[in-house]
Amino acid sequence: MMNAKPTHTFTNHDVAEHLRLIATLKEIKGEGRFHWLAFRNAADVIDNLPEDVNDIAAAGTLTDLPGVGKGVAEVIEQFLATGDSELAGKLRSQVPVTLVELTEVPGLGAKKVARLWRELGITTLAELKAAAEAHRIRELKGFGAKTEENILKGVALLEQRRHARTPLGVARPQALGLIQALREALPADAITAIEPAGSLRRWKETVGDLDILAITPDPAQVMAAFQQLPQVEEVLLGGETKTRVRLHGGLECD
DNA sequence: TGGCGGTACTG
DNA sequence: CAGTAC
DNA sequence: GCCA
């Protein structure tokens, strides 16, 4: 046999996802902000790394990466070797992993998910949906009828999106079109810089929505122009420095 | 050993 | 004001 | 948890 090759090989993205899993579980568990933030930051670093994390690990220089210290490096090494880590295992024994997907419902963060779990025993999307439909959510202090509706909408959106994420090949041209339209609608000096952000910028193969970031001396002017673009179907939220709209076709854009 | 982004929006 | 999202 |  040739030199023993690992049975599985893991990509930078796999590693990043594992670090994100740890971060989310820690957050739901209620650990202090910076304990889990560190893992999320490290995940972003790994995800954007041009080099193969396997090579870096082999060279023993993981901790040279920004945001990667002793703790994260240990987790990465274990994951590359086994596809899992002690830390993640320990976390999984304390927090149901299925809670992670609840976190993806817009408007639901770790804190609310933790309460839904502890106070209503909700651990899955299906259970969440059922509880909302049975109006059991509004019984919780701080959760009202409105929250319930939003959860229902969010779950529906997630179920829909799950099967209908937009391919980058479709999303990116749309975003670039928006950027160009915005430039044309405004004087040249109104926008210092503008570019795609989020999953678009990270070249993910599919995206859930469009994120566009602009630097401008006059935010209000840009927000107004953005909302009036012909490809905008509905303004969902129009702030002074942030706007969310739904485009024709259903894609949402910030 | 102390700092870690800052802000806007919703309920 | 707390929680969430960017 | 990482960094200065």
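What you see below is based on every heavy atom in this structure, not just the backbone, and it leaves out hydrogens, waters and symmetry mates. In what follows, chains carry the letters A, B, and so on, assigned in the order in which the sequence lines appear, proteins first and then strands, with residues in each chain numbered from 1.
- Rounded to an integer number of Å, the gap from CZ of A:Phe143 to C1' of C:dC1 is 15 Å.
- The nearest heavy atom of DNA chain B to A:Thr241 and to A:Asn150 marks one nucleotide each, and the one closer to the 5' end goes with A:Thr241.
- As rounded to whole Å, 14 Å separates atom C1' of B:dT7 from atom CG of A:Leu213.
- Both the sub-6.0 Å distance and the 45° axial angle are satisfied by A:Arg172 relative to the ring of A:Trp203.
- The distance from atom CZ of A:Arg138 to atom P of B:dG11 is 14 Å, rounded to the nearest whole Å.
- Atom CH2 of A:Trp36 is separated from atom P of D:dC2 by 15 Å (rounded to the nearest Å).
- Residue contacts shown for A:Gly71 are limited to sugar-phosphate atoms, with no base heavy atom under 4.0 Å away.
- Counting to the nearest Å, the P atom of B:dG11 and the CD atom of A:Glu149 are 9 Å from each other.
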With 3.5 Å as the limit, what N/O pairs link the protein to nucleotides 2-6 of chain C?
residue : atom : partner  : partner atom : Å
C:dT4   : OP1  : A:Gly109 : N            : 3.0
C:dT4   : OP1  : A:Gly109 : O            : 3.3
C:dT4   : OP1  : A:Lys112 : N            : 2.8
C:dT4   : OP2  : A:Lys111 : N            : 3.3
C:dA5   : OP1  : A:Gly107 : N            : 2.8

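- Dense packing is recorded around CD of A:Glu51, with more than 12 heavy atoms of other residues, nucleotides or ligands lying under 6.0 Å away.
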Give the C-alpha distance, both sets of side-chain angles, the deciding distance and a yes or no for side chain to side chain donor-acceptor pair (under 3.5 Å) between A:Asp14 and A:Thr11. CA-CA 5 Å; A:Asp14 294 333; A:Thr11 65; 3.1 Å; yes
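- Within 6.0 Å of atom CD in A:Glu86, 12 or fewer heavy atoms from other residues, nucleotides or ligands are found, so the atom counts as exposed in its surroundings.
- When the side-chain nitrogen and oxygen atoms of A:Asn41 are compared with OP1 and OP2 of D:dG1, none of them lie within a distance under 4.0 Å.
- Shown here is A:Arg201, whose CZ atom has no more than 12 heavy atoms of other residues, nucleotides or ligands within 6.0 Å.
- In this structure, A:Arg33 atom CZ and D:dC2 atom P are separated by 17 Å, rounded to whole Å.
- With rounding to whole Å, A:Ile215 atom CD1 is found 15 Å from B:dG6 atom C1'.
- Within 4.0 Å of A:Phe39, counting heavy atoms only, lie sugar-phosphate atoms of the nucleic acid but no base atom.
- Look at CZ on A:Phe34: it is 11 Å from P on B:dG3, rounded to the nearest Å.
- Within 4.0 Å (heavy atoms only), A:Lys141 reaches no atom of the nucleic acid at all.
- We find that A:Asp209 and A:Arg244 are joined by a salt bridge, their nearest charged nitrogen and carboxylate oxygen being less than 4.0 Å apart.
- Residue-level contact check: A:Leu65 touches the backbone only, with heavy atoms under 4.0 Å from sugar-phosphate atoms and none from bases.
- Taking a cutoff of 4.0 Å between a charged side-chain nitrogen and a carboxylate oxygen, A:Glu27 and A:Arg40 qualify as a salt bridge.
- Listed nucleotides B:dC4, B:dG11, D:dC2 differ in distance to A:Thr147; the shortest reach to its side chain belongs to B:dG11.
- Spacing between D:dA4 and B:dG5 at atom P, rounded to whole Å, works out to 14 Å.
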